[in-house]
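Encoded as structure tokens, the structure appears first; notes follow it.
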Amino acid sequence: MNTEFMFFIQLVVSGIALGCLYALIAVGFVLILKATGIMNFAQGEVIMLSAFICYFLVTTFHVPFLVAVLLTGIIAGLMGIVTERLILRPMLGEPIFSVVMVTIGLSIFLRSMAGILFGHNNLVFPSPFPTEAVKMGGIVVSQTEIWIMLSSLVLAAVFFIFFKYSRMGLAMRGTADHQDVALLMGISVKQVFALIWAVSFITAAASGVFLANVMVINLGLSVVAIGAFPAIVLGGLESIPGAIVGGLAIGIIENLAGGYLDQIIGGGVKDVTPFVVLFLVLMIRPYGLFGKKEIERV
Amino acid sequence: MLKVNNIEVVYNDVILVLKGISLEVPDGAVVALLGANGAGKTTTLKAISGILDSQNGELEDGQIEFMGNPIHRLDPDRIVKKGITMVPEGRRVFENLNVMENIKIGAHTRTDRRQVKRDVEKTFDYFPVLEGRKDRLAIFLSGGEQQMLVICRALISKPKLMMLDEPSLGLAPLLVKEIFAMLRVVNDKQKTGILLVEQNARVALNFAKYGYIMENGKIVLDGPTDLLVKNKDVKEFYLGVTDKMEKKSYAQVKHYKRRKRWLS
Amino acid sequence: RGVTEDTIKVGLILVKTGPVAALGLPDGHGMVDYMKYLNDQGGVHGRKVQVIWEDDEFQAPKSVAALKKLIHRDKVLCLITTGGSNQTIANMKTINKYKISNIPNALMQEFFDPYQPYIFAMGATYECQYQCIVDYIFGDMKADKPRIGVLYAKKEYGKIGLKAIRERAKAYGVDLVSELVLPTGAVDASSQVLTLQKNKVDYVITCDVLPPVISFLKTAEKYSYKPKAVFGFNWATDDMIVKACGKGAENYIGVNFVGGWNDDSPGMKLVRQIAKTNGREVKDIGLTSLYIHGIGASYLFGEAFKRVGKDLNPDSLKAAFETFKDFDTGGIFPPLTYTDKSHAPPEMVKLFKADVPNNRLVSITGWRTPKKMD
Amino acid sequence: MAIRSKTFSESYHEDIKLFRTIWLKSWIGLFLVVLAVLPLIGDPYIVYLINLSCIATIAALGLNILTGFTGQISLGHAAFFAIGAYATAIISNRFQVPFWVCLPASGVLAACAGIFVGIPCLRLKGLYLAMATMSFGVVVEYVVITWDNVTKGVRGISVPTLSIFGYPLDSNNKIYYFLIVLTALAILSAANLMRTRVGRAFIAIRDRDIAASVMGVNLTQYKVMAFAISSFYAGIAGGLYAYVMEYIHPEHFTFLLSVQYLAMIIIGGLGSVLGSVFGAVFITIIPEFIKAFAQFLTLLFPALQDKYDDGWNIAAFGLLIMLFLIFEPKGLSGIWNRIKTCFKNWPYTY
Amino acid sequence: MDLLEIRQLSLNFSGIVALSDVHMAVKKGQIHAIIGPNGAGKTSLFNCLSGVYVPTEGDILVEGKSIIGLKPHKIAKLGIARTFQNIELFANMNVIDNLLLGRHIHMKSGPFSGSFFIGKTLREEVKNRLKVEEIIDFLEIEKVRKQLVGSLPYGIQKRVELGRALTMNPKILLLDEPAAGMNLEETEDIARFVLDINEELGITILLVEHDMGVVMDIVDEITVLDFGSQVANGSPREIQANPKVIEAYLGQEE
Ligand SMILES: Nc1ncnc2c1ncn2[C@@H]1O[C@H](COP(=O)(O)OP(=O)(O)OP(=O)(O)O)[C@@H](O)[C@H]1O
Ligand SMILES: Nc1ncnc2c1ncn2[C@@H]1O[C@H](COP(=O)(O)OP(=O)(O)OP(=O)(O)O)[C@@H](O)[C@H]1O
Ligand SMILES: [Mg+2]
Ligand SMILES: [Mg+2]
């Protein structure tokens with residue numbers, strides 16, 4: 001096969017892998033957005049903290065990797081519940097702006113706590129995935145990436161089905177619409193929120209663990225979450241399939257921009273392209289690809 | 001069935017809205033709660049269903065009992081599980097869910113999924129219009145259709161006591177009749193108690209057995225409805241009929257200002 | 001100002017918190033540790049050095065505020081460093097006005113050319129480092145028509161580096177094959193690696209800090225892309241890289257203007273000893289090269305204090321610095337000279353190569369300067 | 001009849017005055033006096049912090065007009081700020097023109113950019129708008145870095161000293177008065193604007209845009225106008241920032257700065273002019289307060305000295321933001337209003 | 001010429017027919033009611049009239065001029081004001097500001113003059129404030145002038161909304177269920193206001209209302225909609241006797 005074509009395919013494939021990571025991060029955001037309408041700015045910090053926790057479980061406490069992942073998930077879930085309980089529940093019924101600001105405060109707090117607890121050094125995770133990449137017909141995929149792709153797709157499918165068909169999922173969607181009416185339906189809004197924060201933080205933990213496997217662990221890890229913003233919005237904020245499609249699209253776009261545009265325009269267009277694409281898409285579809293147009297009636 | 005004993009409610013820690021309300025709904029009875037705008041009817045219902053917290057309100061004093069158990073300290077979802085369902089005022093449907101999902105969410109507290117399915121079909125019998133709009137998002141429904149939907153949603157939870165806050169608001173006259181006829185059937189067949197808040201006094205007093213009249217956070221008058229309709233003040237201020245039992249024309253009330261208020 | 005009978009107050013503005021703290025902390029710890037060491041030795045002329053370390057969170061406005069505070073509240077004599085280039089330039093006017101001697105930890109030409117009376121540059125400029133790298137490719141590696149690719153960050157070191165490499169390669173008669181951006185927070189470097197691979201680049205020069213370089217090396221390993229050598233400059237020359245990438249770092253060569261942690265020179269022995277007395281293990285220090293830099297900077301200040309004698313003030317301090325002539329730190333730094341016309345750094349670097357089995361970098365050259373080109 | 005309408009008009013005029021009571025007037029007078037003598041008694045560190053607060057105030061006012069009053073969330077405010085700063089830097093470097101050309105030009109340029117972003121974003125709402133403006137911020141950052149023969153890119157660009165009619169404001173203390181006057185002007189004009197036709201239209205759009213348009217408010221025009229006014233403020237603030245710092249660099253204008261401005265107006269109080277001021281001062285000064293407090297603690301407990309991690313300062317800052325909003329979700333202006341009503345009704349509590 | 005004329009108006013929402021082939025005319029100075037079952041399309045018709053929805057087909061003429069395709073603010077300038085079914089006040093403004101917003105189309109000050117608040121702007125503010133005070137007097141809401149509308153009782157809010165529409169000095173006033181959710185006393189007040197507006201201020205009124213007492217007592221002409229199309233048109237007396245209307249809307253009197 002022609003090398004130019006292989007180059008393209010390889011870019012797309014690695015873009016998909018990257019995109020799945022974005023999608024996983026995006027799903028974490030979308031869960032909370034969907035049920036509470038809050039954009040949780042501290043999500044990136046949770047991702048970073050999870051990476052640190054998993055690292056220290058594996059290196060300092062010599063916990064086997066899978067157990068460490070499990071423990072990280074549990075810790076993150078508990079963190080989610082505690083966050084909801086201590087910080088967001090008192091804000092029930094307050095303007096959404098203030099709540100979002102609280103999550104920004106939380107992100108500042110968590111980032112700084114991470115520095116205090118885990119130090120500022122760059123750490124390298126002893127990845128359990130073999131470094132040998134898998135080669136299929138000349139296409140190279142690392143084993144880490146295969147795991148990332150599988151788990152993000154599985155998680156997204158699970159969440160999608162949960163929201164669409166389960167009783168609790170329906171309750172969550174209802175809560176997102178009107179909290180007080182949901183209460184009148186006998187839905188325990190507190191429970192719903194605690195659950196959604198826990199689940200979202202667990203998703204964040206999953207992305208944190210995967211990120212730890214591909215990147216250096218340091219406080220800067222939390223910034224990756226900002227990279228996922230275009231994915232969330234492109235997909236349409238409250239849609240799980242949207243988050244997946246958005247994530248994949250951004251991953252592929254980023255890589256193609258890196259592979260082609262960077263040669264022509266130069267100067268690192270790779271980073272800006274997702275944002276430019278996002279802007280253009282919003283001009284055409286103001287509610288993202290999968291977002292519902294907010295109906296306004298008077 | 002429901003006993004409300006001398007409750008006081010304060011909003012934002014300062015505004016005393018309910019100044020000692022007591023009322024009672026006997027088993028399977030239909031009770032109406034009437035009163036001017038801002039009298040505190042909605043607040044009373046909110047206090048009973050326990051959602052004052054999320055509205056900056058607080059139950060300062062008094063007790064609420066349901067089937068002999070105090071409920072005024074329970075979370076709203078607990079209260080619903082005990083069998084009290086409220087239809088809030090202002091057609092609060094879940095706009096981003098479709099009609100079917102809206103109804104299903106009403107059955108959140110029920111565990112018998114099969115029976116729920118059958119009950120959904122039954123409620124559609126009451127409101128055939130909704131069946132045709134099953135898959136439409138609730139926000140696309142017209143005001144009347146939304147009102148039917150919230151009543152359906154409440155019915156599906158099989159409540160022991162149903163509290164309705166102005167169900168006739170904005171409904172066409174024919175529909176008002178239909179809804180009340182339906183409520184009557186529910187009351188008869190399922191022995192569901194009904195606590196009704198209405199502005200449309202004529203309909204409400206006709207429908208209920210017993211009535212309470214509220215002004216400024218206090219109950220000022222109560223009694224069986226057949227006695228209430230004979231009360232002179234009720235006649236004048238709620239039914240709009242003069243002593244000679246004939247309706248006043250709105251065109252005539254023009255420059256006629258009244259300042260009389262209950263007991264003041 | 002800042003000098004009493006028994007103390008000398010010196011300030012220090014370096015980032016302590018946030019993502020960039022990985023660069024600030026080891027540097028600052030080095031500076032503080034050395035001053036402690038100096039105090040333990042009895043101080044300078046009976047005075048103990050007191051260090052006040054302000055965190056600027058790597059933000060220029062905060063850095064400016066910190067300097068104002070250090071001058072007007074704490075009344076320090078001088079600053080060991082004002083941190084990064086951005087912060088130093090923002091503070092330049094105040095530095096001159098209040099005669100604050102300092103050693104910036106960024107390496108820009110502006111700091112000594114034109115002559116800045118209170119800034120003492122210490123450490124070869126980025127230009128010099130990259131020239132040495134290119135020299136190494138053509139000289140030591142005897143590359144014939146090498147295909148050179150550059151990965152750079154969109155930071156001043158990246159841009160300066162790119163330009164320096166481009167010009168130097170040109171001087172050898174070679175054009176760069178690829179010039180690609182490698183963002184600092186990159187999740188992976190697939191598109192970069194694939195592009196380099198497609199363009200058959202066999203010498204990769206990175207102008208980026210450690211984490212992205214590690215990302216790059218790992219990604220390259222994944223695609224079994226093996227250039228003849230991958231180069232990095234001082235911010236990315238640290239044992240860390242070998243620990244992180246293992247076999248992926250086999251072909252890595254770094255350049256730095258301080259001695260290597262494992263060097264067998266008296267200066268480096270002192271550094272290791274100071275670290276030990278302060279209870280710092282290599283893994284606590286983080287980037288050892290920066291710790292060494294920190295110690296070196298304090299070392300110079302200590303020496304200058306000694307040379308001044310009893311009458312310590314901003315002017316005499318500056319004058320003392322300017323008496324340095326081929327001042328030898330025993331291998332922490334290359335020999336160093338300041339005069340009252342120039343505070344230029346010694347344009348000398350060492351190259352280090354990955355020693356994968358031992359998880360470290362080992363020096364492969366002595367101090368060297370860029371070759372004179374004509 | 002004529003007499004009656006005269007008195008009416010007078011009373012309504014009284015009614016809509018900004019500073020109504022003699023008390024308020026004298027408090028403001030006192031405050032101004034304190035501000036005026038401050039550089040004489042305080043050290044340059046404090047003056048510098050106030051300078052920064054002034055700049056932040058102007059920018060925050062701008063953002064509050066757009067986000068707080070008109071309800072259009074922007075996460076790209078740093079970009080307009082940057083445009084102003086770079087405009088001042090580049091214009092004053094290239095053409096050696098005085099500040100009274102530079103500053104307005106910066107404001108106008110930023111306003112143009114605001115219009116440029118505002119028009120395509122008309123259909124966007126809420127988070128979508130936030131992300132679109134954030135994208136604009138990212139693009140501006142990219143352009144500033146990449147277009148280096150104009151902006152000097154990552155090397156940063158230095159700015160000539162601000163001089164007023166030949167008199168150079170070459171120190172903090174001198175530029176201070178200039179900033180105080182401009183900030184006061186900015187506050188006044190924002191307060192005025194918000195109680196006239198335009199301001200009412202903004203608030204109407206925020207509260208119920210469809211209803212506003214049915215009442216005759218041209219949504220397109222006013223949304224774009226809000227963008228323009230907001231970025232004009234940001235541009236002026238950016239220009240002033242360039243003059244104060246005398247050196248600017250792309251890293252000064254990151255996404256985090258946009259978030260910081262948002263923090264200011266939320267903490268201060270959305271849709272409140274005074275709130276913007278409070279918020280800007282709070283976010284600028286509080287970290288320094290915390291630092292000072294931490295230093296005080298280490299003096300009290302010398303054992304802490306070596307172990308103290310500066311991370312705690314920032315953690316405390318984050319915590320403070322959270323606690324503050326949990327207890328006072330309406331922001332500082334909420335507290336302010338409470339104090340005011342308390343005073344008004346004194347000695348009656350309510 | 002009729003003040004308002006609607007010709008063959010149709011409105012679809014992706015398959016949902018809200019209005020089909022509606023034609024009616026409103027004479028100057030009249031009170032004209034539109035009634036019909038829920039979901040018949042009354043509010044949608046109002047939305048077409050005020051430019052919130054763009055009809056799929058048909059024409060709307062105000063004093064002979066078509067307003068199809070005009071933006072809502074343009075239509076407002078032509079003299080069409082309205083209230084909403086679910087109160088759409090600006091909840092964070094006080095009553096005076098809400099009413100002043102109604103004066104928006106009659107004011108001129110822009111962002112520059114607004115920033116200074118002297119001279120012309122000031123005079124304009126005071127002048128319009130006078131006009132607003134007139135309306136406040138008229139509707140008897142002096143007591144709540146300076147309160148935020150969000151905290152007012154429902155009945156008063158409706159009245160403020162009516163006031164906001166009045167300050168626009170409209171030619172035609174569209175009222176969407178003004179008496180819904182009101183008790184008898186308030187309904188009487190509203191009825192009186194509607195009559196006063198019509199008689200004293202000479203404003204033509206188009207009214208949607210489910211309270212048949214009010215409709216039958218005060219209006220001059222009634223149009224009945226059902227499923228988006230017009231089923232009857234005539235005087236109250238005629239409508240009350242129309243079997244089609246009774247079947248679809250009024251129900252049998254018991
Ligand atoms: N969340 C709240 N915060 C503050 N005050 C409130 C709140 N909700 C209601 N009120 C006030 O409490 C009083 C009673 O309100 P409530 O809604 O109970 O009256 P109502 O009898 O239901 O009136 P309506 O017939 O208009 O529905 C009113 O004066 C209202 O302004
Ligand atoms: N924006 C919209 N999108 C989709 N469908 C709509 C929209 N607005 C109205 N509809 C539909 O148009 C029909 C007419 O609605 P409309 O609100 O005009 O009824 P109405 O006559 O005012 O009823 P009510 O008396 O209950 O208020 C309804 O079936 C409604 O679902
Ligand atoms: Mg009510
Ligand atoms: Mg309607």
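Order of the sequence lines sets the chain letters (A, B, ...), proteins ahead of strands, with each chain counted from 1. Heavy atoms only: backbone and side chains are in, while hydrogens, waters and symmetry mates are out.
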*Check the surroundings of atom CD in B:Glu60: do more than 12 heavy atoms from other residues, nucleotides or ligands lie under 6.0 Å from it?*
yes
*Kindly give the heavy-atom pair with the smallest separation between B:Ala172 and E:Pro37, and that separation in Å.*
CB-CA, 3.9 Å
*Name the member of E:Ile35, E:Thr187, E:Ile156 that forms the most heavy-atom pairs with chain B at distances under 4.5 Å.*
E:Thr187
*asked:* Under 4.5 Å from any heavy atom of chain B, what part of E:Glu209 do you find: side chain, backbone, both or neither?
replied: neither
*Count the heavy atoms belonging to other residues, nucleotides or ligands that lie under 6.0 Å from CD of E:Glu247, then report whether that count exceeds 12.*
no
*Crowded around B:Tyr11 OH? As in, over 12 foreign heavy atoms under 6.0 Å?*
yes
_Can you tell me which portion of B:Leu169 sits under 4.5 Å from chain E's heavy atoms? Options are side chain, backbone, both or neither._
side chain
*Compare every heavy atom of B:Ser142 with every heavy atom of E:Asn38, then report the nearest pair and how far apart it is.*
C-OG, 3.4 Å
*First locate atom CZ of B:Arg202, then atom CG of E:Leu184, and finally report the distance between them rounded to the nearest 0.5 Å.*
8.5 Å
*Inter-residue atom distance B:Gln199.CD - E:Tyr154.OH, 0.5 Å rounding*: 9.0 Å
*Might you confirm whether atom NZ of B:Lys218 has over 12 heavy atoms from other residues, nucleotides or ligands at distances under 6.0 Å?*
no
*Given a strict heavy-atom distance threshold of 4.5 Å, which part of E:Ala248 is in contact with chain B: side chain, backbone, both, or neither?*
backbone
*About how many Å separate CG of B:Leu174 and NE2 of E:His210, when rounded to the nearest 0.5 Å?*
11.5 Å
